[in-house]
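First comes the structure, then the notes that go with it.
First listed ligand is number 1; within each ligand, the first listed atom is number 1. Residue indices begin at 1 and follow the sequence shown. Here the structure is a predicted model, which is why all the values come from computation and not from measurement.
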Amino acid sequence: MTRMLIIGPPGSGKGTQAERISERLGVIAISTGDIFRANVKGETPLGIEAKKYMDAGDFVPDSVTNKMVRDRLSEDDVENGFLLDGYPRTTAQVDYLDGILADGDEKLDVVLQLTADDEELVTRLLGRAQETGRTDDNEAVIRHRLDLYHGQTEAVVAKYADRGILTRVDGIGGIDEVTDRVMQAIKEAQSA
Ligand code: AMP
């Protein structure tokens with residue numbers, strides 16, 4: 001049983017690493033960014049609401065995001081664990097997730113933070129923009145997303161560090177190399 005979070009700045013490769021952790025540990029990876037993007041694509045009411053914020057690089061409001069996560073975590077496939085990618089990003093979301101977990105008498109095992117230098121991230125994201133055409137990958141928006149990460153999500157990381165469940169992994173390097181570090185860090189955290 002693993003219940004874990006992966007947190008990292010935009011461009012740190014958290015989505016890629018989340019998929020690999022999910023395969024190796026057999027837990028479902030849930031990316032709030034992917035759920036939002038699927039809704040934007042499907043032009044659902046949630047997608048139409050979220051798109052305004054996503055295109056500007058802003059956070060979708062907590063009320064919208066929290067409800068979406070509560071609904072997703074109430075599905076049967078997460079009974080044996082999950083890996084949340086991209087949530088929580090604000091301290092209010094941490095409190096909300098605490099509430100969801102407490103309702104189910106559950107707790108988090110590991111919170112993994114992928115670290116990377118801002119300038120490296122900007123370069124990576126500008127490259128990704130050319131490959132994928134993601135509308136939130138232009139330089140001004142990228143810098144805004146990084147500012148939000150430093151301004152808001154680092155406080156989330158600090159909360160989990162205080163609880164003693166945070167493990168940090170250097171996200172710079174080849175994808176396989178980072179995966180090796182990530183898997184090692186999870187193993188150590190779980191046996192601690
Ligand atoms: P990501 O793919 O994780 O970088 O997320 C893409 C975008 O989706 C973010 O820039 C936000 O606009 C939105 N988003 C994803 N997760 C959250 C969250 N936990 N809280 C608020 N907005 C989010």
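- Salt bridge E119/R143: present, at least one basic N to carboxylate O contact under 4.0 Å.
- Salt bridge absent: R3 and D109 never bring a charged side-chain N and a carboxylate O closer than 4.0 Å.
- Ion pairing between a basic and an acidic side chain is recognised when a charged N comes within 4.0 Å of a carboxylate O; K107 and D98 show no such pairing.
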Distance-only donor-acceptor pairs under 3.5 Å for side chains of residues 88-95, two or more places apart:
from, atom 1, to, atom 2, distance (Å)
R89, NH1, G86, O, 2.8
T90, OG1, D62, OD1, 3.2
T90, OG1, D62, OD2, 3.3
T90, OG1, Q93, N, 3.1
Q93, OE1, R89, N, 2.8
Q93, NE2, D62, OD1, 2.9
D95, OD1, K159, NZ, 3.1

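- A salt bridge is defined here as a Lys NZ or Arg NE, NH1 or NH2 lying under 4.0 Å from an Asp or Glu carboxylate O, and D117 with R124 fails to meet this definition.
- When heavy-atom distances to ligand 1 are checked against 4.0 Å, the residues falling inside are K14, T32, G33, F36, R37, M54, D58, F59, V60, T65, G86, Y87, R89, Q93, R134, R145, ordered by chain and number.
- With contacts defined as side-chain heavy-atom distances shorter than 4.5 Å, the pair T153/L148 does not qualify.
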